[in-house]
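The chains referred to below are lettered A, B, ... by the order of the sequence lines, with proteins before strands, and numbering in each begins at 1.
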Amino acid sequence: MGILTIVTFLPLVGVAAILLLKPLKRESDVLIKQIANVTAIATFIVSLVVLFRFDKSVAGLQLVDKADWIPSWGIKYYLGVDGLSILMVLLTTFISMLAIASSWSAIETSVKQYYVFMLLLEAGMMGVFLAQDLFLFYIFWEFTLVPMYFLIGIWGGNNRVYASIKFFLYTMAGSLLMLLAILYMGITNNTFAVPDLIAGREAFANVQDWLFLGFAIAFAIKVPVFPFHSWLPDAHTEAPTAGSIILAGVLLKMGTYGFLRFNLPLFPEAAVKFAPTIAVLAIIGIIYGAIVSFAQTDVKKLVAYSSISHLGFVMLGIFALNEQGIQGAILQGVNHGLSTGALFFLVGVIYEQRHTRKMSEFGGLWKAMPVFSVLSLIVVLSSMGLPGLNGFVGEFTILLGSMGAASLGSSPWIYTAFATTGVILAAVYLLWMFQRVFMGPLDNPANMKLRDLNRRELVIMLSFLLFIFWIGIAPAGYFALMDSSVAKLVADISATIVAMP
Amino acid sequence: MPMNAFGLAPLLLVFPLIGVLFNGLVGRRFIVANRNTGEKWSGWFASVMALSAFMVSVLLFLSLRSHEYHAEVVHLFDWLAIPSAGFRVPWAFQIDTLSVTMMLVVTGVGSLIHIYAIGYMHGDPNFSRFFAYLNLFLFFMLILVSGNNYLMLFVGWEGVGLCSFLLIGFWFDKVNEKGEPMNANAARKAFVANRVGDFAMILAMALTFWSFGSLEFEPVFSHALEMFESGEMVHFGLFSASLGSVLTAVTTLFLIGATGKSAQIPLYVWLPDAMAGPTPVSALIHAATMVTSGIYLIVRSNVLFEIVRASGATIFGIVSSPDLVAYIGAATALLAGLIAFTQFDIKKVLAYSTVSQLGFMIAAAGMGAYVAAMFHLITHAFFKALLFLGSGSVIHGMEHGHHHIHAHNHGKEVHGTPQGDTHHEEDNFDPQDMRTMGGLRYRMKTTFIVYMIGALALAGIVPLAGFWSKDEILAHGSEHNLIVYILLTIAAVCTAFYMGRQLKMVFFGEPRHEAAAHAEESPAVMTVPLMILATLAVLGGGLNLPFLSQGIAETYHEHPGGVFLGLEGWLEHSIAAFELTEEGVVHLPETPKVFSPGVAGISTILAVGALVLAFYVVYANKPKTAEEPDPLQSTPIWWFSVLPLNTLYMNYIVPGFNRLAQWLADKVDWAFWHDFFHDRIIRDTFVGFAHFAANILDLKGVDGMVNGAGSLAKRLANWIRQTQTGYARNYALSIFLGTVVLLAYFIFMAN
């Protein structure tokens, strides 16, 4: 059993332990919480072992775990990691760990089911990032829907049922088309293994536009790319804090990762062909998400819409189809997970105390909660892309990539110029939010006695901040992890472009 | 022994950072323990950190001297690096005469302002936070001026913007009569206006990287020069363009960046509002240092601007980018000079004056007079910091006076010192309104004398610092660009006039308010830095006297580094002295200094005339009371009190954006995408598909499997139902299981 199998299924050990408590008559909420936290921490540690055993000079898959599963259909149990996914794996275990830790006092009903779903979700997400067989990938992909659906539907806000069904329907609708595309390729090539399909992509090259779209719509809904985003404000706003953290931190990245892992290498000609269109949608998303954020009155919804804007940058980077763009996009995926995850966490902290997220209810919180406010400011600045913090590194690299993108024709600067307006708009909506919540007079009596961060919350915040600063100041090591794999992918696509008529 | 302290460069950042950590983490505890000694610890710790950074700058200066002014790069570690793309940006320091000049100004003036602030901020509840911000500002400002690449410059660029935001919003809970949080609004306005400039900076940097393969200054400049000499085009991806047009774009984008940070047309509107911050901040950030970043950027990029000038490239065939820089600067100098006429707030006059003087510097840089721009930057840092701190002293004194009456009326003893701008007044007394002042020269003698020196230096009176630096710019204008020269000369007249008006209203005549009659002089911790700055404002012109350096030029060539040759000779080592012609780069041995007795004479006569006009004619006996209107209020000059660009932004663009955002959020996003699109397209299609699958497709073949899955679903659903009832979840769960079934079905069919 390889390390990747361990890291994927380790959360299930925690699930089993929690479920075993009842027969053992030792069931208690505290114990369940402890088991869940320990499992999440252990999974994170194992993912660090994966990192140490990861050889960054290798471009292809490594630490592979492979076995025949359903041989007659060419379906394999096939896990592997490379530069495209290593950061996603670490992000998943890290964010899951913090999300589980953040739930300690926030979840008081059905504690057992809650932590079971959280751990199931973690296993599902790991599988999505590690599976190298399309069939296996699809199972993990769909599997993540179920625990998320229940997390929103049971522990969510007032409108949780509507939000959870909407979330489910949307993602499912997209996935069905992807399923058809997967089946078509698998049957044509008699294998579902991604490396084999890439090697044999000639077999379906003639219909690759359709296959590309089949995958692209599923992923675009997940990201979400404008105009497939309308499930997101509901899901984010209604989800419990930890659900939002995972949703923003990891689940959305499954979409962008899907584009990188499948759409680019399997259908390179189609990727080049659709690049300008997707870049336009990405840029609309950047601007539209930012403007709509600005008009929100609910702080959580504002953060939710800001994701559309941020993920627009990631999509633009991917379809710049060069090293800067793609590496920036992967890193920006991580950055968004950190800063938006932290923002949702911070929103959760005041929501727990005030049971409202209306910005008009707040104002002048800096006076009441100085530590909370300073840390919030740093996270807001990270989200705004202040240089020296993580967001800028990703954003700038992406914009650099799009400026030099051959995939965007002879005037890529037009795309870049429009995308860069997102930098102004981010300041507009984030500072407006910051002002309404933290600045101005502290005049609402309900806010006067708010407690500042407790020790557990402080540790969680400092964990986020560690990486917010680290990636901001010394991201070279992060780029180095993905450099070989991305370079190979880019070379592969460039060769295709050259070969194109 | 030759001095080599280049390795100490990182300490420039380390000292302020220690200060930030000290005041950010523990400073407050000292103050809570004991107000007075705690404040001393907090304030002096920050000041010592600033002074230490100043010492490092001095050591770097001496090191440069003993290395014949050769630029040194101190490499720390790689920041952004994508090896496969050949993209690498380090954290590295550029130690050359230009950056060291900026370091000396920033840390020197900065240290004085730190010390002054110990007195000014006395009693503020967030005393240590203020000093943490000041040190943080120094940290970012030093990154800005010491980086060896554009991206690091940009780190500082945005970082000082952040500090500006924090310090303008330092009293973030303050509201005006309408209950609007005006300080928080001003802070946000500054940040957003700067972000508009930053937008241009990001584009400029991206374009620079693809055109020249680097973001580090030296490689960019040398590559650009090579391309200019060889006539090479710029190619990357599928893009290609001539060098001239690419650099026109880059330099114009830099100009837009500079209009944000250095408050030029059309983005200057944030600076006057920024006066909401504590006065030491106005002096340090919004007069002496941060706002000069745009000038530093242009001077640093002088090679790129000169290539554009030589290539003859223009923006849409109208104007070349360096000329545009000069026109924007000159127009801003004049416009802001006129607006300053109509202001009553002592700090707002100085704010518009700063905008105007920055215009002089920008105009100089645009004309290629880089040394003159830097010279004016330095002298302006001296006398404008002096004026702001002086105005702080005046405000402090007025508050004292007002507090005195207040306490008197209430028959109470007052504890502690009233706080500068923090003071909340029940009777709407504004200690910054010049109409309530008058006659302060008797009550605040030291402040009066140093303020007078600052004002005369700013007005360009011989032989004070401002005369020499402003004259150098005007002399360049008279030789190279007559329109700019005329605009700047009128602006200089305005300067003398509004400073005359201010001096008269504040210090002369009779007190027009009880507070002015009882104003008190500030403590020594505030007045000593004022005296030092006043000395610099008197002697600062000596840095680049037109006659001095020529005489000792020969000595200099025999003993390089042994003689201080003035700013010209010093900056020559960073600002390439070359001329670009059609044949290529022609290196010049030395740029001759411009001094024109005619220009100097005219501007002196005009300045003195304007002062006399303000002092003895227009404001001779007016205003007598605080309520009396300004004598100019009925003249066309007062049109400038309606600030055209600010009105455009605040009355049209901002509400327009708000309406757009509201419409997009409510109508487009919610009513259309969220409700209509989801219900009609996504949900209905899905339901239709489900019916199709259930009724049309033949599921007999997989009956057994469905039954198995069904019972599993039932058990799972029962387990869930323990916590929550409702069928919505089952609906979704069945969809999920249905998918699994479909999946299996397709595979069966395929086989």
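Contact count against chain A (heavy-atom pairs under 4.5 Å) is highest for B/V196 among B/N194, B/V196, B/D78. By number of non-hydrogen pairs under 4.5 angstrom with chain A, the leading residue of B/F657, B/F87, B/F154 is B/F657. Per-residue counts of heavy-atom pairs under 4.5 Å with chain A were compared for B/A241, B/G156, B/G237, B/A85; the largest is that of B/A85. Highest contact tally toward chain A, considering only B/A206, B/P181, B/G161, B/G169, is held by B/A206 [criterion: heavy-atom pairs under 4.5 Å]. When the candidates A/V292, A/I424, A/L400, A/I182 are compared by the number of heavy-atom contacts under 4.5 Å with chain B, A/L400 comes out ahead. Ranked by non-hydrogen atom pairs under 4.5 Å with chain B, the options A/A474, A/G388, A/A487, A/G409 are led by A/G409. When each of B/F199, B/W670, B/F239 is checked for heavy-atom pairs under 4.5 Å with chain A, B/F199 comes out on top. By number of non-hydrogen pairs under 4.5 angstrom with chain B, the leading residue of A/T421, A/T397, A/L442 is A/T421. Interface summary for chain B: among A/Q435, A/M439, A/E323, the most heavy-atom pairs under 4.5 angstrom belong to A/Q435. For the set B/F140, B/F77, B/W157, the entry with the most heavy-atom pairs within less than 4.5 Å of chain A is B/F77. Interface check for chain B: of the options A/A476, A/G440, A/A427, A/P441, the most heavy-atom pairs under 4.5 Å are formed by A/G440.
Heavy atoms closer than 4.5 Å to chain B are found nowhere in A/S484, neither backbone nor side chain. Both the backbone and the side chain of A/Q324 have a heavy atom closer than 4.5 Å to some heavy atom of chain B. Only the side chain of A/N322 comes within contact range of chain B, judged by heavy atoms closer than 4.5 Å. Using a 4.5 Å cut-off between heavy atoms, B/I143 does not touch chain A at all. Proximity to chain A (any heavy atom under 4.5 Å) is shown, for B/D666, by neither the backbone nor the side chain. With a 4.5 Å cut-off on non-hydrogen atoms, A/E395 does not touch chain B at all. Looking at A/M384, the atoms closer than 4.5 Å to chain B (heavy atoms on both sides) sit in the backbone and in the side chain alike. At a 4.5 Å heavy-atom cutoff, the contact between A/K301 and chain B is made by side-chain atoms alone. Only the side chain of A/F226 comes within less than 4.5 Å of a heavy atom of chain B; its backbone N, CA, C and O stay farther away. Heavy atoms closer than 4.5 Å to chain B are found in the backbone of A/F438, but not in its side chain. Looking at B/L25, neither its backbone nor its side chain comes within 4.5 Å of chain A, counting heavy atoms on both sides. For chain A, no part of B/V89 is nearby; none of its heavy atoms comes within less than 4.5 Å. With a 4.5 Å cut-off on non-hydrogen atoms, A/W231 does not touch chain B at all. Residue A/Y162 touches chain B through its side chain alone, counting heavy-atom pairs closer than 4.5 Å. Residue contact with chain B, scored on non-hydrogen atoms closer than 4.5 Å, involves the backbone and the side chain of A/A417 alike. With a threshold of 4.5 angstrom between heavy atoms, B/N183 does not approach chain A through any atom at all.
The six-membered or imidazole ring of A/Y305 lies away from that of A/Y288, with a centre-to-centre distance of 6.0 Å or more. A centroid separation of 6.0 Å or more is found between the aromatic rings of A/F228 and A/Y170.
Residues A/F479 and A/V393 are in side-chain contact: their nearest non-hydrogen atoms beyond the backbone lie under 4.5 Å apart.
The number of heavy-atom neighbours closer than 6.0 Å to CZ of B/R129, taken from other residues, nucleotides and ligands shown, is above 12.
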**Asked** Which is it for B/C163 and B/Y133 under the side chain to side chain contact (heavy atoms under 4.5 Å, CB included) test, yes or no, and what are the steps along the way?
**Response** CA-CA 6 Å; B/C163 296; B/Y133 288 168; 5.9 Å; no

**Message:** Please determine whether side chain to side chain contact (heavy atoms under 4.5 Å, CB included) holds for the pair B/L162 and B/L166, giving the CA-CA distance in whole Å, both sets of side-chain angles, and the decisive distance to 0.1 Å.
**Reply:** CA-CA 6 Å; B/L162 165 67; B/L166 291 171; 4.1 Å; yes

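Aromatic ring pairs are classed by plane angle as parallel below 30°, tilted from 30° to 60° and perpendicular above 60°; the pair A/W155 and A/F117 is perpendicular. Classified by interplanar angle (parallel below 30°, tilted 30° to 60°, perpendicular above 60°), the ring pair B/F172/A/W366 is parallel. B/F677 and B/W673 have perpendicular rings, their planes meeting at more than 60° on a 0 to 90° scale where under 30° would count as parallel.
Within the 3.5 Å criterion, the main-chain N or O of B/G260 finds a donor-acceptor partner in the side chain of B/W270. Looking only at distances, no side-chain donor or acceptor of B/S240 sits under 3.5 Å from a matching main-chain atom of B/F236.
Using a 3.5 Å distance cut-off with no hydrogens or angles, the side chains of A/Q327 and A/D483 do pair a donor with an acceptor. Side-chain contact check for A/S175 and A/Y138: no donor-acceptor pair (N or O, by modelled atom type) lies under 3.5 Å.
Screening residues 183-199 of chain B for salt bridge (Lys or Arg N to Asp or Glu O under 4.0 Å), with sequence neighbours left out, gives B/E158-B/R195, B/K189-B/D273.
To the nearest 0.5 angstrom, A/L381 atom CG is 6.5 Å from A/L389 atom CG.
Considering only residues two or more places apart in sequence or on other chains, A/A290 meets the side chain to side chain contact (heavy atoms under 4.5 Å, CB included) condition with A/S309, A/L425, A/Y429.
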